Amino acid sequence: MSIDMNVKKLTKNAYRVTKHRGKTALRIRVPGGHLKVEFLPLIQKIAEKYGNGSVHLTTRQGFEIPDISFSKVDEVNKLIEPILQGMEIENGVQIKKTDEGYPAAGTRNVASCIGNRVCPFANFDTTSLALKIEKNIYPNNYHVKIAITGCPNDCIKAHMQDIGIIGTAMPEYDIDRCIDCQACLKNCKSRVTGAISSKNGKVVRDERRCIGCGECVGKCPTSAWTRNPKKYYRLIIMGRTGKKNPRIARTFMEWIDEKTVLAVIMNTYKFVEKHIDTTLPKEHIGYIVDRVGFPEYRRMALEGIVLPPEAKVAKQITWGGYQYEKDTFIK
Amino acid sequence: MSIDMNVKKLTKNAYRVTKHRGKTALRIRVPGGHLKVEFLPLIQKIAEKYGNGSVHLTTRQGFEIPDISFSKVDEVNKLIEPILQGMEIENGVQIKKTDEGYPAAGTRNVASCIGNRVCPFANFDTTSLALKIEKNIYPNNYHVKIAITGCPNDCIKAHMQDIGIIGTAMPEYDIDRCIDCQACLKNCKSRVTGAISSKNGKVVRDERRCIGCGECVGKCPTSAWTRNPKKYYRLIIMGRTGKKNPRIARTFMEWIDEKTVLAVIMNTYKFVEKHIDTTLPKEHIGYIVDRVGFPEYRRMALEGIVLPPEAKVAKQITWGGYQYEKDTFIK
Amino acid sequence: MSVMVEGGKLDKIILGLNSEYDIYAPVLKEKRGRFSDTDLIKYDKISSIEEIVWDKKSTYSPKEIIFPITQRLFYFTGDKQTEVIDNSKKTMIFLRACDINGISRLDDIFLKNGIEKDVYYQRLREKVTFVLMECSSSFDNCFCVSMNTNKTDNYSIAMRKDKDQYLVEIKDEKYNDLFKDKGGKVDFQPQFIEENAIKVTTPDVEEMPQTIYNHEMWDEYNARCTSCGRCNTTCIGCSCFTSTDIAYEENEEVGERRRCWSGCQVDGYSNMAGGHEFRKTKASRMRFKTLHKVYDFKKRFNKNMCVGCGRCDDNCPEYISFSKCINKLTEII
Amino acid sequence: MSVMVEGGKLDKIILGLNSEYDIYAPVLKEKRGRFSDTDLIKYDKISSIEEIVWDKKSTYSPKEIIFPITQRLFYFTGDKQTEVIDNSKKTMIFLRACDINGISRLDDIFLKNGIEKDVYYQRLREKVTFVLMECSSSFDNCFCVSMNTNKTDNYSIAMRKDKDQYLVEIKDEKYNDLFKDKGGKVDFQPQFIEENAIKVTTPDVEEMPQTIYNHEMWDEYNARCTSCGRCNTTCIGCSCFTSTDIAYEENEEVGERRRCWSGCQVDGYSNMAGGHEFRKTKASRMRFKTLHKVYDFKKRFNKNMCVGCGRCDDNCPEYISFSKCINKLTEII
Amino acid sequence: MSKNPFDFEKCEILAIDILTDIEFTFRIATSITPNHGQFCQVSIPKVGEAPISVSGAGEGWIELTIRSVGILTKKIFELKIGDFLYIRGPYGNGFDLDILKDHHVVIAGGGSGVAPVRTLINYLYNNENYASSVDLMFGFKTPKDILFKDELEKWGDKFNTIITVDDACGVDDGVCEGLITKYVKDIKLSEFSKMKVIIVGPPLMMKFTALEFMKYGVNKDNIIVSFERNMSCGLGKCGHCKIDEKYVCLDGPIFSYDVAEKLID
Amino acid sequence: MSKNPFDFEKCEILAIDILTDIEFTFRIATSITPNHGQFCQVSIPKVGEAPISVSGAGEGWIELTIRSVGILTKKIFELKIGDFLYIRGPYGNGFDLDILKDHHVVIAGGGSGVAPVRTLINYLYNNENYASSVDLMFGFKTPKDILFKDELEKWGDKFNTIITVDDACGVDDGVCEGLITKYVKDIKLSEFSKMKVIIVGPPLMMKFTALEFMKYGVNKDNIIVSFERNMSCGLGKCGHCKIDEKYVCLDGPIFSYDVAEKLID
């Protein structure tokens, strides 16, 4: 029989149309990038039996198993049931039919840096937040890219995502513990934003310049700097690569809490739902915001949210990035 | 015995200092992100025996195996010999002692999107180029991040790298095969840079606007558009995240060949060698270029290179990105 | 007469013919495929038998030789008009049975439909000599047997490639001399594909039930089809075209009237001047195409337009199977 | 007298003492550690015995209670100067044997070195009552036994935590009344650590060979040490400080003279006004510290400064082991 | 060499009649004698070619009523008397006069649908007894869109003529308001069997008008419609005008409604 | 309450002698009577405190020769006669006069190293027969850096006095060019065993000058040096001036070279 494959369904099933006729590639999500190695043998088996014995590690921290025949998709879907079970359902993701593969692919794997399970710079457990977000937003066909990074160094490249979540520390200063070694100051000056200056044998933090990396805490030999135990986040939005207007994400909110992060993300989906131009193949969120305007995005993103007192929200955003020609958005 | 660990050596050995005292994490390189699954059991074994049974998939397409005791580093180094053998040495990387783990970590794993082994949009085999580059530059302690993407869509986020290599297609047009369906035009207008316009019942490509994504070729139902079989690349440079000045990489060269890509990379290392400020902990290439100036980088990057005739080179670059305060670089 | 000829000798014959003939055959265009590092197989002039691709189906059919994608009809120079008249050599086309049968469909339209013959087509068509390429096995997506287009005797020469040797039947005696002393006589008659993996049943009705017009079977194509038009452009039978006048950019006094392939699947094909579009939805276009290929053409010309070459299925980027669509239609009726 | 007291009753004793004493003990500061989601253990005032962390070593030693990190010496108001005199309550410090021995090193410097006593230290020091916390087992990096600092009898009260009960020896009889009727008498004497996993041999020389000055053993620290100063700040024995005068920002007429901890490992410590730096390299600083801790202090005070609490090793972000350094030095001599 | 059917004739413009802002009638010099309802391919070289119904014909001339809807027609509108249009044709089947003879003929036209029946009406007008009776119904969007006003008046002298506009725009001009289907009932519908109804206009107008007549008992095979398609080659080659097995340029544009309604597009 | 050793005395500035652009001598009113070579902690409240050698002393006053190198000394330079300096001290051991008695004393000073030996020289000048013989050697960078010019001339009357400059800047001012080590040979070095050599100046100058004298046979224990360190508390507490087991503020700044050379910093 000739292949008659509804490729739109196939791609929603987390398979992709490849360059090779009749061959597809399965994308396995690894929310937060953290994987129990007990799943590796299954991935190996699928690659060896149905693929070509290789996997591609994706930049979103998933596995892509290439070279699977269209005709084997159903079989593979049955096989990956333990992965759906262990990596999605056990994490609270709602998937009705567990033997039919991934129920959606639009919303991409929620990526995260290794976070404070390992990294000394990370301000929180990125993977755990990734799992919470995954639970809230997956499955979903809207094309949204979310990444989470433990500190403003942004190893995960959250600046290239639709929604980037940066863990920030609110550094608190005990002036009497400070010995004026200036380790924090020097580090902040050379590696961060120079938010710390020297004053009268102690240091002063310019809170409007501080990006909350928390490195002053790490550098301080007397614990004069400590983190406020509350978790703070910076939310950056609408970064992207793409062929039209690659640009880095810009700060939307600062010093917000996890509850707010999650609520803004849910509101963002509502924004997409309301404003997406369905006549286009798949309008990405960033282009919707461009089209509809940041103020409307801001309005919807904040809907129903009671902001924590420390929170700051961008009133306007200048996006920048590449605009290959003057008429990039004048058409 | 008390731990006396030269952590600088440890980190050069591709282990990292973690948040947990005396515990490290091993980073396994997967050049080009493409992995034979036969290596998975070894990774699993290390994670289970020496780590905590989990791995983190890094955004640079490697594995990070956390929670390994400092005291087990030598043992683990012996164990990963087959990985060094199979993923580095067999690929031509020179590693003298194969039982002492990775000989360097500064130059990061060369990342690449899945490329044209799978992706219909990719303009070349990204993984193969990644392997060639890996062979040329690894091991090296200079902190350099390189990523390769098959097309200007840049799924690998090459725009956040020190050196981003974008595979481009030189589309060639056979006017007599064109049926004026405008599939290329509409796609270019809505998804790319609008480089194609309609003229007299045929189309015209504005070569100064074309970013070489090659999508016109993919869209054309008559093969009026085909790729010039030569491989072309765009080289973008000095993108980064980081806490100081996150910014997207900017175009340094366009329409260059692979030979030039490789030569510019080697010259870039010479530039680092010459100009790095060794009094700093590890000065990243982007900051060296900022300090020394683009013209000097340009001069050294081009040294000894005979450019292909189509090649274009940036005369100057405006970097942009975040500058948190007006004095970010005035100190 | 049939002979067995070595490739080298065949090349000499071809070189000899080149003064009189443009010889077209499916050839490989390296890395000119839709995806990077993929090749394109299309018809082009050859000067060596080696250039011919035997083991794969060409992406595009040979129709473009006699029905060029872009064909100039008139040149306009100031107030003058000049008919464009083709002065090329005779053509010899290496092609398969399905395509020979496909060209007969083109003949129906261009030479038999209406009162007038399409002279532009006719002039190219009359130059053609067919060299039948024997299919050693059925390719993916072929269903020529179902369409009765697996066989033909409409050729002058037939050929089978057998490693470096070629078995050649010279059916048109005027070519006998070419092969004299070039190879040993053999008992060779081209074989035809007798079975395809894919089997298609065409609707066998005098008149299509009106219910088919709005039948839900077409609906799925609204979501699936992207109107790329590859099923039209790769089809040996599709003959639609659009005429355009242009004035050259360098001198608006000079211009041309030309025609280009168009196709019922492509956006705008059914547009009227003024904007009305008769077949807006992809479902309606799919219906139009399907009925044309396996139903209404037959009402007019007593044979189905579709020859089962399968190129539409080979090339559909959305993996829509036309053979499956035909079977679905037949089943519904 | 020794008694066994329940935690609840001990809390009541503490509440009672609070009017007269600030009671300091190692307590847990949740999520205030160097890395996110890690805790800090440091000395602070307690009001319940429950607050005390027994099973882990504190990051910082108790020295900051008697030798505050920042200590004001004088206030300046216009032309007037006022000596800053501490009026706080008496202090009771829960601490371990090594730290009690460590404080004797501070006493050597502040009270015995030179002719003058450091009155600021003296005033705080005189308020102190030691409550010995018995170590149930040696912690990571401890080498008190090697330094002969595992034991002490310099305490008023000693305590062992035994689940919810506390075994208490009241050595200073003036505290007997506190415990009367609060618990049953037991036969309890604090035990001391008799062996550490880490063993250190200090250099046993009258005079350090001059060759040690430029010995290559120090070189590695140039690359390894980052001059963060944690080995100084966490050390119970380090007593160096730097004085600073400031005028307050809000009113330049008013200001203070204060002193802050400094340390030989920290950049600038050995700088002269005018810029000359005596110990520029990290190797030279490591040498200075090492010799001070296990050699020259002893020449002056007949005991090594280092008490083997191991906090330097606990906290070195570069994983430099001081115990290993001492052994290396001793081996070389 | 065979005669080239794509070749075309250069014709001088003899007169231009401005009917509305966007509808002009061009009289051009030519010797062709089209049937009623036929069309020509009209072009300006280097601009384009379009199918235009013949709306008038006489000795050595024909008339083409052109609606300005695109680049070509816009260019044509810029032409002046003495300039040239280029035509080939006539194409298509045209109306079969024979079947109308001695019948009650109703001609219903919508908008520019009037053009292709103009010569037929004038024939019936000039041959008063050819049809047993003639009714004319013409629908336009607004009063200013009404075409051939003078002639409509002239025809009204002999034939029962109903002119409707979708929207009278407040002008009381003696025209009726509403779709023409509304006024079918006003036609004398006594002799169903012999009545011939010709409907020309946009597809939906034709469909609903036909249904309306059928409601009153007119047989499908007595209804005649004229299809508008983008006839391009006029020769049955280019495929643009194909519906089902029919090529409008060859087999049409005039179809009996019983044939037309069954065509699956 | 115990006496606070950090407490300090408010002293009026009696005179200011501008030696060079960056070296002033302040005479202040105080009743302290420092030994030769001792230093005081000098401060301006709210600005800071610094160790300054006593360069002169008399009845009810001392002199402090201050080099402007930082914030505090810059502020001090802004003071005028009648303003106040704040001091505590004197600190340190000072020179042991007894060991110089009846010896050939050589005093070698580099730069501002002259200040701490100024009172000693004046003592020897005023008590001419205390030492058997006195040689003075002073090295400065350039002629304009020469301190105590008038006194140098005065001393030169009684003592063999060699003044050198590293760079004469083309001025022939009667001074020698070159490091003072070069001129050690010019000193009458007949009685090695009884010669006492006092060297004050930067660490390297002291080291190489001592070595030079030793080359000529002067014994280590007859060489006396004065250490410059950033003495801060002056009380042996703050640790800044510690070298090996020595606290410069307590055990120094004057050390016999045989002790000094062995100290491992």
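Chain naming here is simple, since letters A, B, ... match the order of the sequence lines and numbering starts at 1 in each. None of these values were measured; they are calculated from a predicted model.
- In this structure, Arg300(D) fails the cation-pi test against Tyr247(F), since its NZ or CZ atom is not both closer than 6.0 Å to the six-membered ring centre and inside 45 degrees of the ring normal.
- Residue Pro202(F) does not touch chain D at all, counting heavy-atom pairs closer than 4.5 Å.
- Residues forming a side-chain hydrogen bond (donor to acceptor under 3.5 Å, both in side chains) with Thr142(F) (at least two apart in sequence, or on another chain): Asp145(F).
- For Ile109(D) against Lys237(F), the heavy-atom pair with the smallest separation is O-NZ, 3.1 Å.
- With rounding to the nearest 0.5 angstrom, the CZ atom of Phe278(D) is 7.0 Å from the CD1 atom of Ile243(F).
- The local environment of CG in Asp204(D) is sparse, with at most 12 non-hydrogen atoms from other residues, nucleotides or ligands closer than 6.0 Å.
- Interface remark: Asp7(F) contributes backbone and side-chain atoms alike to the contact with chain D (heavy atom separation under 4.5 Å).
- Counting only distance, with no hydrogens or angles, the side chain of His240(F) and the backbone of Phe241(D) share a donor-acceptor pair below 3.5 Å.
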Decide side chain to side chain contact (heavy atoms under 4.5 Å, CB included) for Leu291(D) and Asp244(F); before the verdict, give the C-alpha distance in whole Å, the side-chain angles of both, and the deciding distance to 0.1 Å. CA-CA 8 Å; Leu291(D) 296 181; Asp244(F) 212 319; over 6 Å; no
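- Contact annotation for Lys298(D): neither backbone nor side-chain heavy atoms come within less than 4.5 Å of a heavy atom of chain F.
- Annotation: cation-pi pair Arg257(D)/Phe6(F) absent, no NZ/CZ under 6.0 Å from the ring centroid and within 45° of its normal.
- Heavy atoms closer than 4.5 Å to chain F are found in both the backbone and the side chain of Glu116(D).
- Contact annotation for Cys233(F): only side-chain heavy atoms (C-beta onward) come within less than 4.5 Å of a heavy atom of chain D.
- Using a 4.5 Å cut-off between heavy atoms, Phe74(D) contacts chain F through its side chain alone, with no backbone atom that close.
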Please test Asp296(D) against Lys242(F) for side chain to side chain contact (heavy atoms under 4.5 Å, CB included), starting from the C-alpha separation and ending with a verdict. CA-CA 10 Å; Asp296(D) 62 55; Lys242(F) 177 188 164 293; 3.1 Å; yes
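- Within residues 257-265 of chain F, the residues approaching chain D closer than 4.5 Å by heavy atoms are, in numerical order, Glu261(F), Lys262(F), Leu263(F), Ile264(F), Asp265(F).
- Between Leu235(F) and Asp118(D) the shortest side-chain heavy-atom distance does not fall below 4.5 Å.
- Minimum heavy-atom separation, Val119(D) to Pro5(F): CG1-CD, 3.8 Å.
- Chain D is approached within less than 4.5 Å, heavy atom to heavy atom, by Ser43(F), Ile44(F), Pro45(F), Lys46(F), Val47(F), Gly48(F), Glu49(F) from residues 20-52 of chain F, ordered by number.
- Counting heavy-atom pairs under 4.5 Å between each of Ile115(D), Asp79(D), Asn271(D), Thr244(D) and chain F puts Asn271(D) at the top.
- For residues 63-93 of chain F, the interface with chain D (any heavy-atom pair closer than 4.5 Å) comprises Val69(F), Tyr86(F), sorted by residue number.
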After noting the C-alpha distance and the side-chain angles of Tyr295(D) and Glu245(F), does the key distance pass the side chain to side chain contact (heavy atoms under 4.5 Å, CB included) rule? CA-CA 9 Å; Tyr295(D) 161 69; Glu245(F) 88 276 15; 5.6 Å; no
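- When heavy atoms are compared at a cutoff of 4.5 Å, Thr242(D) approaches chain F by way of both its backbone and its side chain.
- Counting non-hydrogen atoms of other residues, nucleotides and ligands closer than 6.0 Å to NZ of Lys328(D) gives a total above 12.
- Residue contact with chain F, scored on non-hydrogen atoms closer than 4.5 Å, involves the backbone of Ile246(D) exclusively.
- Proximity to chain F (any heavy atom under 4.5 Å) is restricted, for Glu252(D), to the backbone atoms N, CA, C and O.
- For chain F, no part of Tyr121(D) is nearby; none of its heavy atoms comes within less than 4.5 Å.
- Distance check: Met272(D) CE to Asn230(F) CG gives 6.0 Å after rounding to the nearest 0.5 Å.
- Residue Gly239(F) comes nearest to Cys240(D) through the heavy atom pair CA-SG, 3.7 Å, listed as atom of the first residue, atom of the second, then distance.
- Contact annotation for Leu111(D): only backbone heavy atoms (N, CA, C, O) come within less than 4.5 Å of a heavy atom of chain F.
- Note that NZ of Lys3(F) and CD of Glu83(D) are 9.5 Å apart. Values are rounded to the nearest 0.5 Å.
- Options Phe297(D), Phe288(D), Tyr269(D) differ in how many heavy-atom pairs under 4.5 Å they form with chain F, and the most are formed by Tyr269(D).
- Applying the 6.0 Å contact sphere to NZ of Lys141(F) captures no more than 12 heavy atoms from other residues, nucleotides or ligands.
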